[in-house]
Amino acid sequence: MGSRPDRRVSAVDDAAVAGTASFIVSSAPRWRAASPNDLSWRCWDDELVVFDQRTGDTHHLGTLSGSVLLALIEAGSPLAAASLMHDLLDAAEEHQGPDLALAIDNALRCLEGAGLVIPDA
Amino acid sequence: MIVADLPMEELARRLTGPGLPVRTGPLLTRIQSPLPAVVQGIGLHYSHHAIADEVDFCDFHVRVAAPRSLRRWFAPQVHFHVDGNPPFLPLPLEQAFPMLEWGLNWCVSSHCHQYLIIHTAIVEHSGRALLLPAPPGAGKSTLCAGLISRGWRLLSDELALIDPGTGNLVPLPRPVSLKNRSIDVIRDFAQDAAFSAIVRDTTKGSVAHMRPPAKHVVRSKEEARPGWIVIPRYRPEARASLTPLPKARAFMQLADNAFNYALHGRAGFDLLARIVDACSCYEFTYSSLDEAIPVFHGLVHL
């Protein structure tokens, strides 16, 4: 048939985000969306698909990860995890208190791995 | 003029000689082959496809022939050439007609980038297209063959061509490729259909082709708007089960099954999003066509 072009599609879902890794939650690191002008996205049923013009990659984000990314894009300026935690209480029904902080931290790391967010220098 | 208008001797003469320009959907392919299996296959499966005028531009020039070497006689092989070049290794001679079909699929998926091309079966009902994207072995061709035998129109059993301008699905009706057990299943289910002989021991196992219904071929210019995305999964002894699929996941299925999504870049992303927006999306598990077909008829009336 012929091979399809090499292209990455990835899923950053909330199951991966709520993993067992332990991170010490700190408000010190601040995060921002990496090159939001290069991102296109669509949201269906609280799940997000995001196209990154820089790489041609397409990402499938679960509710929390998608909310984190959109919050950073909307903010337009770097945010700490604590600020995100405050903003996303409504979007993170499954996670409360320390669980939410851990989940947001994990989400940020996964989004960083996907190249969608970067720590603010 | 259609292929069926040519006497078999004339069909063979033209295929062996200058080639036959055959229209399939929006594409025109000049086919050359001296091989009886290919001549018979075209006579059977492309009987209602239009033959273009000799002066028309052809999208592809393909030739299916035995090599000019000892392999012409010893463990005979067949080559597929497009525009004079062989994109594949040769196959056993008895696989000549399947090779033509696989080669034509390759031509489209590798070159027709004026469309966004998705690896999916696609049928139409009431002006709306049903996309059945799935990996090999999931049962999409079986389902496709079953549906076109029960009132759905064949757009393609393999390749969805999406017009970036309109978002419509462009028909490309060609023979439906069936494999292994699905051959007998469809022969029983569609007893009025025409089938090729079975070709065995291919990389896909046993392969046979089902002729596209004439009334579908003559409607090749009728595009369809997107209607449904259904991810099929054949599971032995499973009851037919249709469950809603989150649209984000449907999007990723389409993107993962698209041949040239990367080439279209952001425009491709936007186009797929439009398609998903317009579709109802499901996963479907089945083991029996008799149970499956009514489920899809039910979709039409929702």
Side-chain angles (χ1 to χ4, degrees), chain A residues 1-18 33-71 73 88 91-94 107 110-111 113-116, chain B residues 80 82 87-88 98-99 101-113 116-119 133 135-136 158-159 177 203-204 229 244-281:
Chain A
M1 171 74 72
S3 61
R4 298 178 197 152
D6 185 27
R7 165 210 354 103
R8 286 194 301 159
V9 294
S10 73
V12 180
D13 62 24
D14 293 335
V17 162
S35 194
N37 290 336
D38 290 318
L39 301 181
S40 302
W41 62 88
R42 290 291 183 96
C43 184
W44 294 287
D45 303 318
D46 295 331
E47 294 184 7
L48 210 65
V49 291
V50 181
F51 177 76
D52 188 342
Q53 180 91 351
R54 297 168 298 163
T55 60
D57 292 338
T58 301
H59 306 276
H60 176 203
L61 306 184
T63 302
L64 183 59
S65 305
S67 298
V68 168
L69 177 63
L70 291 180
I73 291 173
L88 297 179
E93 297 173 350
E94 300 171 13
C110 288
L111 290 169
L116 296 174
Chain B
F80 178 88
V82 55
F88 319 123
M99 191 175 204
E101 290 298 305
W102 295 330
L104 292 177
N105 288 341
W106 179 87
C107 289
V108 175
S109 64
S110 300
H111 294 90
C112 293
H113 301 308
L116 181 61
I117 306 170
I118 301 176
H119 183 204
E158 196 75 24
L159 301 168
S177 175
T203 55
K204 303 183 181 192
I229 298 167
L245 178 69
K247 290 202 172 193
R249 296 179 198 185
F251 181 102
M252 299 304 285
Q253 281 280 350
L254 291 186
D256 203 40
N257 281 284
F259 285 98
N260 58 356
Y261 176 66
L263 290 177
H264 285 263
R266 180 172 178 167
F269 174 84
D270 291 338
L271 179 58
L272 276 190
R274 282 169 58 190
I275 299 295
V276 171
D277 273 339
C279 286
S280 301
C281 304

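The chains referred to below are lettered A, B, ... by the order of the sequence lines, with proteins before strands, and numbering in each begins at 1. Note that the structure is a prediction, hence the values are computed from the model and not measured.
Nearest approach of B:V276 to A:W44, heavy atoms of both residues: CG1-CZ2, 3.8 Å.
Between B:Y261 and A:F51, the ring planes lie perpendicular to each other; the angle is over 60°, past the 30° to 60° tilted range.
Among residues at least two apart or in separate chains, there is no salt bridge (Lys or Arg N to Asp or Glu O under 4.0 Å) pair with a member in residues 103-113 of chain B. Applying the salt bridge (Lys or Arg N to Asp or Glu O under 4.0 Å) definition to pairs two or more places apart or across chains, those involving residues 265-279 of chain B are A:R42-B:D277.
The CE atom of B:M252 sits 6.0 Å away from atom OG1 of A:T58, with the distance rounded to the nearest 0.5 Å.
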